[in-house]
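What's counted below: heavy atoms across the whole structure, side chains too, no hydrogens, waters or symmetry copies. Proteins get letters first, then strands, A, B, ... in listed order; numbering begins at 1 in each.
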Number of protein chains: 4
Amino acid sequence: MPKIVDHGVRRDEVVAAATRIIMRDGIDAATTRAIAKEAGYSNGVLTHYFADKDEILVSALEASHRRITERLREKLAGRTGLDALREVLLDNVPLDDERVRETGLEVGFWGRSLASADLLEVQRREAADLRHLVVSLLQAAAEAGEIRSGEDLDDVAERLLALVDGLSVHRLLYPSRLTGGRLERLILREIDLLAA
Amino acid sequence: MPKIVDHGVRRDEVVAAATRIIMRDGIDAATTRAIAKEAGYSNGVLTHYFADKDEILVSALEASHRRITERLREKLAGRTGLDALREVLLDNVPLDDERVRETGLEVGFWGRSLASADLLEVQRREAADLRHLVVSLLQAAAEAGEIRSGEDLDDVAERLLALVDGLSVHRLLYPSRLTGGRLERLILREIDLLAA
Amino acid sequence: MPKIVDHGVRRDEVVAAATRIIMRDGIDAATTRAIAKEAGYSNGVLTHYFADKDEILVSALEASHRRITERLREKLAGRTGLDALREVLLDNVPLDDERVRETGLEVGFWGRSLASADLLEVQRREAADLRHLVVSLLQAAAEAGEIRSGEDLDDVAERLLALVDGLSVHRLLYPSRLTGGRLERLILREIDLLAA
Amino acid sequence: MPKIVDHGVRRDEVVAAATRIIMRDGIDAATTRAIAKEAGYSNGVLTHYFADKDEILVSALEASHRRITERLREKLAGRTGLDALREVLLDNVPLDDERVRETGLEVGFWGRSLASADLLEVQRREAADLRHLVVSLLQAAAEAGEIRSGEDLDDVAERLLALVDGLSVHRLLYPSRLTGGRLERLILREIDLLAA
DNA sequence: CATGAATGAGTGTTCATTCAT
DNA sequence: TATGAATGAACACTCATTCAT
């Protein structure tokens, strides 16, 4: 009987290796050789588990989003409306090392996505999920009377999500100017203003 | 008699060529050969004016920022306070083709900057200028009584700049969701709220 | 109790799989993985029955010749002389799909044989059989008075076999110029001229 | 002033190197690295003179045909009809080392052409030229009364060309059986029979 | 025997860089 | 200065082969 390997496990190993490289050295450093080496395998292994490099990158992006979603699901348990929304936004911002790495990966993918239809489609599909979550939380908050009337909830969602991404990339690029504390304060302020 | 060449002029030509390529075909298409060809020179010239390709890219980023600054300076002539601030923000957002290309270039550099100390330093230096401009316009507006009291102007500046970058990248990644009209409306709304 | 496997049967299965691939997708598509998969086995099995890939290819060539020989034997039952010869020649020419595939395989091997002593030896050994058959049919025809006198039968055989191979490759390379009808006519004409 | 290289010359060098390899070791041995090495350059040079490997192979095939055509043109000077035809056929058959190598190259390309639309098109285009030459020589011979009446000249051309290719590949594969002498005799005989 | 995971050399191709002219 | 020929390492990807299980 040969050594039986769970393909899913091997794929996860490779994707994790790719993710580590992207987070550590940038997306351009994620060559197939580097990924294989980081995973502790030879070049050839990748062939058995992925059609090509793009599939690895896409998987890395999806895996990152899946991790974020999972983390969110736990945090959101028992929360609704603005309370839940606050958690969502804070969770999507680089306030600890893990999130800093996640944001770095995400920003690296932004540039790639603008040049790759495949990646762009993944990016869009997954961004839609987060947007739906934010909109539905806003609606729940509105129905619960937590939000002052007269707001276009779609606009609000758009603004919050853009603010989260903008602050995230600024936190990475200009950490001394946009400290963690200020970042958190700005996010919280935004939620409070919705209620005001 | 050696040929006298204005180094600055040559550098500008090459950087302009690199910028055209990055905006047209993406940063990955900006190979040294492509840049030299676009500039109308041979491969070898680049050596005389730039230490390596990275120096060209850095210069292209600087030049883009310089162009934006110049454009702003013209638009700001005769304007002050919130009126000027409105122009600054609208000018930094991809509402026409030129700005879409500029934003694409910028987003491409974000990813690179996170993996390159050189680029990161350029990015920071130049971002500081824009921030100073915004802060000083906010202060002028505050002194002119255009802004409701109680606002931390540094926080406001941070929020506006993050929003501009966040909306910009979203406009590129999710154009059907964040239309030009909505983008403009969100920016204008932000200014109005400062006054409210 | 070890599993008892008929090596010959396994080899035949693998060779048949290789042949199908070569005929369907060309000799370059006949990778070891593709052959194993086509045969319904894992990659590793090939090791037990063949020293290396070349041995599989050689076997495929031999098997193809054996199939042709067998088919001929059936067709030749009850025939002799020029009548039998006509069948032999027509059978060796790509007039239907099966023969087109056979010819494609053969032409692919010609090129390889010129660079591989092993293949060349197989090629020669098997070509000798066909030649002997043609010569003996010619001799029978001559003894039966079917062929006009004065012909060097070795030369005739050589000419007929060369013509068959030449027309075969031309039929594949220039199908619109050398139609099936013309090919058949040319072959039949050749036989008729022997008698004339 | 830089070293100026005649691109045509460099291309010819590379094509000649590729041709030598194909003739010596077979078309599968003609890797880009092997070609560059044989030409005395590094891998990278090929890029400057050829779009890709296929262009080198196509050029090698065309160059071989051009050499043959040129050689023919010289031999045909002052000849017409069957006399010229005899030269054409003898010239297209591996009777000396140079022609043996040429035939080896040609046979290697046959296999490739069956799997590559590009090569097939080159093959067909160039084969058409030779066929036109043969047909026109046959027509001239017919008009001069050198050929017995009642022959379909297209069929004759087809038969002669197939015979030439068939005998050529047999001479390479089975040299001891089809000697140079017999090959020449068979060709000459064919011409004589046209007149008979 | 059979499996299939793993290897690593090899493929065509790209490209920043060097340097003689 | 400017040229452009040349380099050689790197890229993603392929594949015959090995071997522990």
Exercise for review: Dot-bracket notation for DNA chain E is requested: 5' to 3', Watson-Crick or G-U wobble pairs only, both distances under 3.5 Å, with ( ), [ ], | and . as defined.
Suggested key: .||||||||||||||||||||
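- If you measure from atom CG of B:Leu57 to atom P of E:dC15, you get 14 Å, rounded to the nearest angstrom.
- Side-chain atoms of A:Ser59 come within 3.5 Å of backbone atoms of A:Glu55 as a donor-acceptor pair (strictly under, hydrogens ignored).
- By the ring pair (Phe, Tyr, Trp, His ring centres under 6.0 Å) test, D:Tyr49 pairs with D:His7, sequence neighbours left out.
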Point to revise | Residue pair A:Arg124, A:Glu121: steps toward the salt bridge (Lys or Arg N to Asp or Glu O under 4.0 Å) verdict | key: CA-CA 5 Å; A:Arg124 284 176 179 164; A:Glu121 200 245 320; over 6 Å; no
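- Atom-to-atom, CG of C:Asp54 to P of F:dC15 comes out at 16 Å; the value is rounded to the nearest Å.
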Check your understanding: Run the side chain to side chain contact (heavy atoms under 4.5 Å, CB included) check on A:Thr19 and A:Leu105 step by step: do they pass?
Key -> CA-CA 8 Å; A:Thr19 303; A:Leu105 180 138; 3.6 Å; yes
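- The main-chain N or O of B:Ala30 is found under 3.5 Å from a side-chain atom of B:Lys53 such that the two form a donor-acceptor pair.
- Within 4.0 Å (heavy atoms only), A:Phe50 reaches no atom of the nucleic acid at all.
- One atom, CD1 of C:Ile21, and another, C1' of F:dA16, lie 14 Å apart when rounded to the nearest Å.
- Rounded to whole angstrom, the span from the CD1 atom of A:Ile35 across to the C1' atom of F:dA10 amounts to 15 Å.
- Rounded to whole angstrom, the span from the NZ atom of A:Lys37 across to the P atom of F:dA12 amounts to 15 Å.
- Both A:Ala51 and C:Thr47 lie near DNA chain F, and the one whose nearest nucleotide falls closer to the 5' end is A:Ala51.
- The two residues D:Leu173 and C:Ser113 come nearest to each other via the heavy atoms CD2-CB, 4.1 Å.
- The two residues B:Leu114 and A:Gly104 have their closest heavy-atom pair at CD1-CA, 4.0 Å.
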Practice item. Would you give a per-nucleotide map of nucleotides 7-12 of chain E, 5' to 3', where B means the base has a protein non-hydrogen atom under 4.0 Å away, S means only the sugar-phosphate does, and - means neither? Key: BB-BBB
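- Closest heavy-atom contact between C:Arg33 and C:Asn43: NH2-ND2, 3.4 Å.
- Counting to the nearest Å, the P atom of F:dC13 and the OH atom of A:Tyr49 are 17 Å from each other.
- A:Glu55 has its CD atom 15 Å from the P atom of F:dA12, to the nearest Å.
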Check your understanding: What's the verdict on side chain to side chain contact (heavy atoms under 4.5 Å, CB included) for C:Arg24 and C:Arg101, showing C-alpha distance, side-chain angles and the deciding distance?
Key -> CA-CA 7 Å; C:Arg24 192 201 315 132; C:Arg101 287 196 297 270; 5.8 Å; no
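- OP1 and OP2 of F:dT1 both lie 4.0 Å or more from every side-chain N or O belonging to B:Arg10.
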